[in-house]
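Okay, so here's the structure we're looking at.
Below, chain A is the first sequence line, B the second, and so on; all start at residue 1.
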Amino acid sequence: MGSRLTIAPPEDYVLARDVCSYGYFVLAPNYWDVANQRLQRALALKTGGASCVIDQPGGKSGALRARFDRTLTRDEQREARAQITRMLRLDEDRASVRAFHRVDPRWKRSGRARLFRSPTLFEDVIKTVTSCNVAWPSTVNMNKRLCQTLGAKCENAHAFPTAAKMARTRPGTLRGRCRVGYRDVRMVELARLFVKGEIDEAWLGDPATDDEQVFRFLVTLPGIGPYAASNIMQLLGRYSRVALDTESVRHGRTVLGMTGTDAQIMKKVAAHFEPFGEHKFRSYWFELWRFYEQKAGASHTWEREETASAFTASNF
DNA sequence: GGTAGACCTGGACGC
DNA sequence: GCGTCCAGGTCTACC
């Protein structure tokens, strides 16, 4: 039998709601088990991969339980706990949630505030690159192939590739086997920057670091433009920018009733969310998410394999 | 500072 | 089944 961890979440934490809150929860190696309302995935620990299943047996606000496919050492347990804390945003405490709900009370009743992310910043950055300039099914496919090709093998699954592994991979392998296209060189360069310590997560996450400084740094990275940088910022817990893309234009037209050219609508969407200040990404995102749920049902019922075909622009 | 075109993949469409 | 077109964000060259 493998190790078990019990993790006390913030008192308002609801696993199904807070995992199924951002598209990455359906990207490999994440797997949301709809029937059992639990999250399965492999974690890439320093010592190798470890599969885990995370659930909340007591229901809303209850303790989280993480069960592993093997016995973890003390250090591995500490690392796994840190990765799960990051992924589930357990460090987004009640005060932060209240601050958001004060600015945008529309989400107070549902409690929406936390956005699912990855166990590591590296995975978040690479996932963001795989979401640029492609339709959603390609993003799903790239992540699946990256895990199968480069991820550490666990009992029944593959972890997400580590920066060290990707840094050693030939761009041609990424292109040929993972179908990442022209992103190949950029992804390897990003991985090398992580390995060399040139992407300083402590600095990026430090509240003393200004959002503008973070944005200016991120757009210097290979494959990262204004959209990707804004998205990475929300993944860092910095919600002061709306990540504007074609979805923003669609949202502006179909939900907010805006008219004009794409460029004009982008500006209007940015202006529309300006009053939400430091929380504007969350206000924007949960509007989008509500629209998706109206079309596809509650997000905790979405099957991973079906979202690849369901979430295309032509369906929305 | 603004803009045009290339980059690659996969879905949609026409034949 | 095959060929063509198109969407998607970033990057470079050019004005």
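- Rounded to whole Å, atom C1' of B:dG10 lies 13 Å from atom NZ of A:K144.
- Side-chain nitrogen and oxygen atoms of A:R179 include none within less than 4.0 Å of the OP1 or OP2 phosphate oxygen of B:dC8.
- Taking the six-membered ring for Trp and the full ring otherwise, the centers of A:Y239 and A:H279 sit at least 6.0 Å from each other.
- Atoms CG (A:N133) and C1' (B:dC8) sit 8 Å apart, rounded to a whole Å.
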Contact list (N/O, under 3.5 angstrom) for nucleotides 10-13 of chain C vs protein:
from   : atom 1 : to     : atom 2 : distance (Å)
C:dT10 : OP1    : A:G225 : N      : 3.0
C:dT10 : OP1    : A:G225 : O      : 3.3
C:dT10 : OP1    : A:Y227 : N      : 3.4
C:dT10 : OP1    : A:A228 : N      : 2.8
C:dT10 : OP2    : A:Y227 : N      : 3.4
C:dC11 : OP1    : A:G223 : N      : 2.4
C:dC11 : OP1    : A:I224 : N      : 3.4
C:dC11 : OP2    : A:I224 : O      : 3.2

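- Helix bend of the helix from B:dG1-C:dC15 to B:dC15-C:dG1: the angle between its two end axes, each built from five pairs, comes to 40° after rounding to 10°.
- Side-chain nitrogen and oxygen atoms of A:T246 include at least one within less than 4.0 Å of the OP1 or OP2 phosphate oxygen of C:dG9.
- If you measure from atom CZ of A:R183 to atom P of B:dA6, you get 18 Å, rounded to the nearest angstrom.
- A:F68 is linked by a ring pair (Phe, Tyr, Trp, His ring centres under 6.0 Å) to nothing, counting only residues two or more places apart in sequence or in another chain.
- Residues that satisfy the side chain to side chain donor-acceptor pair (under 3.5 Å) test with A:R78, not counting sequence neighbours, are A:D75.
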For nucleotides 2-5 of chain B, give me every protein contact, N/O to N/O, under 3.5 Å, one pair per line with atom names.
none

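- A:F217 pairs by the ring pair (Phe, Tyr, Trp, His ring centres under 6.0 Å) definition with A:W203, not counting sequence neighbours.
- For the pair A:L146 CG and B:dT9 C1', the interatomic distance rounds to 14 Å; values are reported in whole Å.
- Checked against ring pair (Phe, Tyr, Trp, His ring centres under 6.0 Å), A:Y24 has the following partners two or more places apart in sequence or in another chain: A:Y22.
- A:D245 meets the salt bridge (charged side-chain N to carboxylate O under 4.0 Å, His left out) test with no other residue; sequence neighbours excluded.
- Residues satisfying the ring pair (Phe, Tyr, Trp, His ring centres under 6.0 Å) criterion with A:H272, sequence neighbours excluded, are absent altogether.
- A:R177 CZ: 12 or fewer foreign heavy atoms inside a 6.0 Å radius.
- In terms of the salt bridge (charged side-chain N to carboxylate O under 4.0 Å, His left out) criterion, A:D69 has no residue partners (sequence neighbours excluded).
- Side chain of A:R175, nearest nucleotide from C:dG9, B:dC8, B:dG10: B:dC8.
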Distance-only check: which donor-acceptor pairs under 3.5 Å involve side-chain atoms of residues 153-164 of chain A, not counting sequence neighbours?
from   : atom 1 : to     : atom 2 : distance (Å)
A:H158 : ND1    : A:G151 : O      : 3.3
A:T162 : OG1    : A:K165 : N      : 3.1

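- Among residues two or more places apart in sequence or in another chain, the salt bridge (charged side-chain N to carboxylate O under 4.0 Å, His left out) test is passed with A:R112 by A:E293.
- Spacing between atom CE of A:M142 and atom P of B:dG10 amounts to 8 Å, rounded to whole angstrom units.
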